[in-house]
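To keep things clear, I will list the structure first and then write my remarks on it.
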Amino acid sequence: MTDNIFEGLPPPSSQHQELPESSNPDESKDESPSPAPTLVLKSSLKRSKPPESAPDASAPPVLKSALKRSKPAESTPEPEPEAAPKKRLQFKTSTDASEEQVVEAMQKITSHIKNPSKFSKASKLAVRLIQAGSVKAETSSYLIAMLEAAMSSKTPCTDRLVRADYHALFSAAQDVAECLDKSQKNLLTIWTIKAVVANDLFTDDSFMFSKTATQIKEAISDLPVATEEDDAEEAAALEQEAVKESGEGETTQDVASAGDQEDAESDPFGLDAWIPSNVKKNGKTKMTKEDTDALEDKKFLRSKREALITCLEIAARRYKVPWCQTVIDILVKHAFENASRFTSQQRQAVEKLWASVREQHLRRKQGKSVTGKLDVTAFESLQDKYANEKMSIRRSVGANGERRAQQWLG
């Protein structure tokens with residue numbers, strides 16, 4: 001009863017302190033009171049960072065790219081089995097054929113190209129042969145023989161069915177003109193006028209028609225003035241053609257046999273073999289290279305004039321087409337003004353063409369035409385309109401506005 005009930009309790013100042021847990025109450029009596037615990041901050045309870053080691057000055061700096069996470073190694077795909085090569089259609093633009101093969105091909109084409117039924121196929125083969133680069137200076141003679149056979153066909157080169165084939169063939173032949181000599185180039189020029197320029201006059205494109213007419217005008221202007229010798233040669237050539245067509249002329253074998261017989265009669269003892277080769281019978285010298293070149297040039301000019309006359313005739317036949325009329329008027333008028341550059345027979349043809357074109361031109365101005373319709377061109381209608389106008393669309397013409405616009409309208 002006398003025991004103190006507060007014995008063993010902590011002092012009043014530590015009321016908020018907890019008693020140490022003990023399973024034996026007797027032990028708590030013997031222990032001395034423990035000192036008051038110190039307050040611990042929450043921040044001090046955090047785990048301290050490990051001390052960073054000072055970087056070594058001698059060590060190289062670590063690259064940023066080295067700190068990136070390395071990509072996982074990609075597995076190399078297994079090689080797929082190679083697919084079979086696809087077939088492709090390719091056209092050869094060159095050939096490795098030998099000269100003998102090229103010559104054989106040209107001779108075969110020459111034998112077929114003069115046949116009208118085989119001309120289309122043969123001309124396409126010839127174009128492919130030319131574009132393949134097979135034509136050289138050594139094979140140029142075979143090319144000329146092939147083109148000559150094409151021009152000797154019974155079907156004219158301006159025929160509607162073969163017009164495009166002739167145009168393609170001789171246009172391709174122009175690309176290899178540098179492989180030809182002078183005489184071969186002259187032949188190709190004549191054939192080009194007949195097969196390319198003449199066929200361009202059948203075009204439906206007004207620009208192409210006008211361009212072709214300009215080419216013909218330039219070719220006419222390049223011709224020299226015809227002489228009396230040219231007229232005589234033309235007359236002789238016409239006589240030979242007339243004799244040949246009438247069937248009265250002799251064949252080549254007859255002429256050769258007659259020449260051999262005449263030589264045997266004039267030289268029965270064979271003394272002409274001792275005469276120098278540069279001297280002919282009757283004191284006439286043989287033809288030199290200059291004489292041969294002069295004859296070649298005359299033949300070229302005669303053939304060129306004939307080809308240009310053919311072009312003028314083709315152009316005049318297209319006068320019924322309204323948009324061709326003005327260009328044809330200018331072309332034929334230019335030919336008439338340069339009629340002195342043609343021979344006598346050709347001058348007559350040019351005068352007839354000019355008379356026909358001028359007559360149709362006058363009829364069109366009067367409102368009459370070949371087709372029966374009023375096909376006056378736009379230029380002519382405007383010419384008639386503004387020729388009688390005192391005031392043009394570009395303000396007054398003349399000082400007082402009374403002068404008619406006739407100078408710039410012809």
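Just the heavy atoms: all of them, side chains too, but no hydrogens, waters or symmetry mates, feed the values below.
Not a single donor-acceptor pair under 3.5 Å links the side chain of Ser134 to the backbone N or O of Ile130. Of the possible donor and acceptor atoms, none in the side chain of Ser171 sits under 3.5 Å from a partner among the backbone N and O of Ala168. At least one donor-acceptor pair under 3.5 Å links the side chain of Thr110 to the backbone N or O of Met106. In this structure a side-chain-to-backbone donor-acceptor pair under 3.5 Å is missing from Asp159 to Thr155. A donor-acceptor pair is defined here as one N or O able to donate and one able to accept, closer than 3.5 Å; no such pair exists between the side chain of Ser356 and the backbone of Lys352. The closest donor-acceptor contact from the side chain of Arg163 to the backbone of Asp200 lies at 3.5 Å or more, if one exists at all. His334 places a side-chain N or O within 3.5 Å of a backbone atom of Lys217 that can act as its donor or acceptor partner. With Arg341 contributing its side chain and Leu223 its backbone, the two residues share a donor-acceptor pair below 3.5 Å. No donor-acceptor pair closer than 3.5 Å links the side chain of Asn338 to the backbone N or O of Ser221. Looking at Thr310, its side chain does come within 3.5 Å of a backbone N or O of Glu306 through a donor-acceptor pair.
Residues Leu312 and Ala335 approach most closely at CD1-CB, 3.7 Å, considering heavy atoms. The minimum heavy-atom distance linking Leu331 with Ala315 is given by the pair CD2-CB, 4.0 Å. Across all their heavy atoms, Arg318 and Thr203 have their closest contact at NH1-O, 2.7 Å. Closest of all the heavy-atom pairs between Ala122 and Ile109 is O-CG2, 3.7 Å. Smallest separation of non-hydrogen atoms from Leu353 and Ala316: CD2-CB, 3.8 Å. Considering every non-hydrogen atom in both Leu188 and Ala177, the closest pair reads CD2-CB, 4.1 Å.
A salt bridge is defined here as a Lys NZ or Arg NE, NH1 or NH2 lying under 4.0 Å from an Asp or Glu carboxylate O, and Lys182 with Asp297 meets this definition.
From Lys333, atom NZ reaches atom CG of Asp329 across 9.0 Å, with rounding to the nearest 0.5 Å. Rounding to the nearest 0.5 angstrom, the gap separating the CE atom in Met151 from the CE atom in Met146 is 13.5 Å. In this structure, the separation between OG on Ser123 and NE2 on His167 is 13.5 Å, given to the nearest 0.5 Å. A distance of 6.5 Å separates CZ in Arg305 from OG1 in Thr343, rounded to the nearest 0.5 Å. For the atom pair OG of Ser98 and CD of Glu104, the computed distance is 9.0 Å after rounding to the nearest 0.5 Å. Put simply, SG on Cys311 and CD on Gln215 are 10.0 Å apart, with the number rounded to the nearest 0.5 Å.
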Passes side-chain contact (heavy atoms from CB on, under 4.5 Å), Ile216 versus Leu201? Steps please.
CA-CA 10 Å; Ile216 298 173; Leu201 293 173; 4.0 Å; yes
Ile328 vs Val321, test: side-chain contact (heavy atoms from CB on, under 4.5 Å). Steps then yes/no.
CA-CA 10 Å; Ile328 296 173; Val321 182; over 6 Å; no
Take Gln325 and His361 through the side-chain contact (heavy atoms from CB on, under 4.5 Å) test and state the conclusion after the steps.
CA-CA 8 Å; Gln325 293 169 355; His361 178 72; over 6 Å; no
Could you go through Ser183 and Asp181, starting from their C-alpha distance and side-chain angles, then the distance that decides it, and tell me whether this counts as side-chain hydrogen bond (donor to acceptor under 3.5 Å, both in side chains)?
CA-CA 6 Å; Ser183 61; Asp181 56 20; 3.2 Å; yes
Evaluate side-chain contact (heavy atoms from CB on, under 4.5 Å) for Leu180 paired with Ile144, printing each intermediate quantity in order.
CA-CA 9 Å; Leu180 309 178; Ile144 293 299; 4.2 Å; yes
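Under 3.5 Å, the side chains of Asn115 and Ser117 contain a donor-acceptor pair of N or O atoms. Residues Thr139 and Glu99 have side chains that never bring a donor and an acceptor to within less than 3.5 angstrom of each other. In this model, a donor atom of one side chain and an acceptor atom of the other lie less than 3.5 Å apart for Ser120 and Asp165. Between Lys299 and Ser303, the side chains place no donor N or O within less than 3.5 Å of an acceptor N or O (distance only, hydrogens not considered). Remark: the Asp230 side chain and the Thr227 side chain contain an N/O donor-acceptor pair separated by less than 3.5 Å.
Proximity of Leu147 to Gln184: side-chain heavy atoms (C-beta onward) are nowhere separated by under 4.5 Å. You'll find the side chain of Tyr142 stays beyond 4.5 Å of the side chain of Val102, heavy atoms only. Within the 4.5 Å cutoff, the side chain of Thr158 has heavy atoms near those of the Ile314 side chain. No side-chain heavy atom of Phe300 sits less than 4.5 Å from a side-chain heavy atom of Glu296.
The aromatic rings of Trp354 and Phe336 sit parallel, their planes meeting at an angle under 30°, below the 60° perpendicular limit.
Between Phe202 and Phe209, the ring centre distance reaches or exceeds 6.0 Å.
Results of the side-chain contact (heavy atoms from CB on, under 4.5 Å) test with Cys157 over Phe119, Phe170, Tyr166, Trp191 single out Tyr166 as the only residue that passes.
Annotation for Glu228: atom CD does not count as buried by contact number, only 12 or fewer foreign heavy atoms lying within 6.0 Å.
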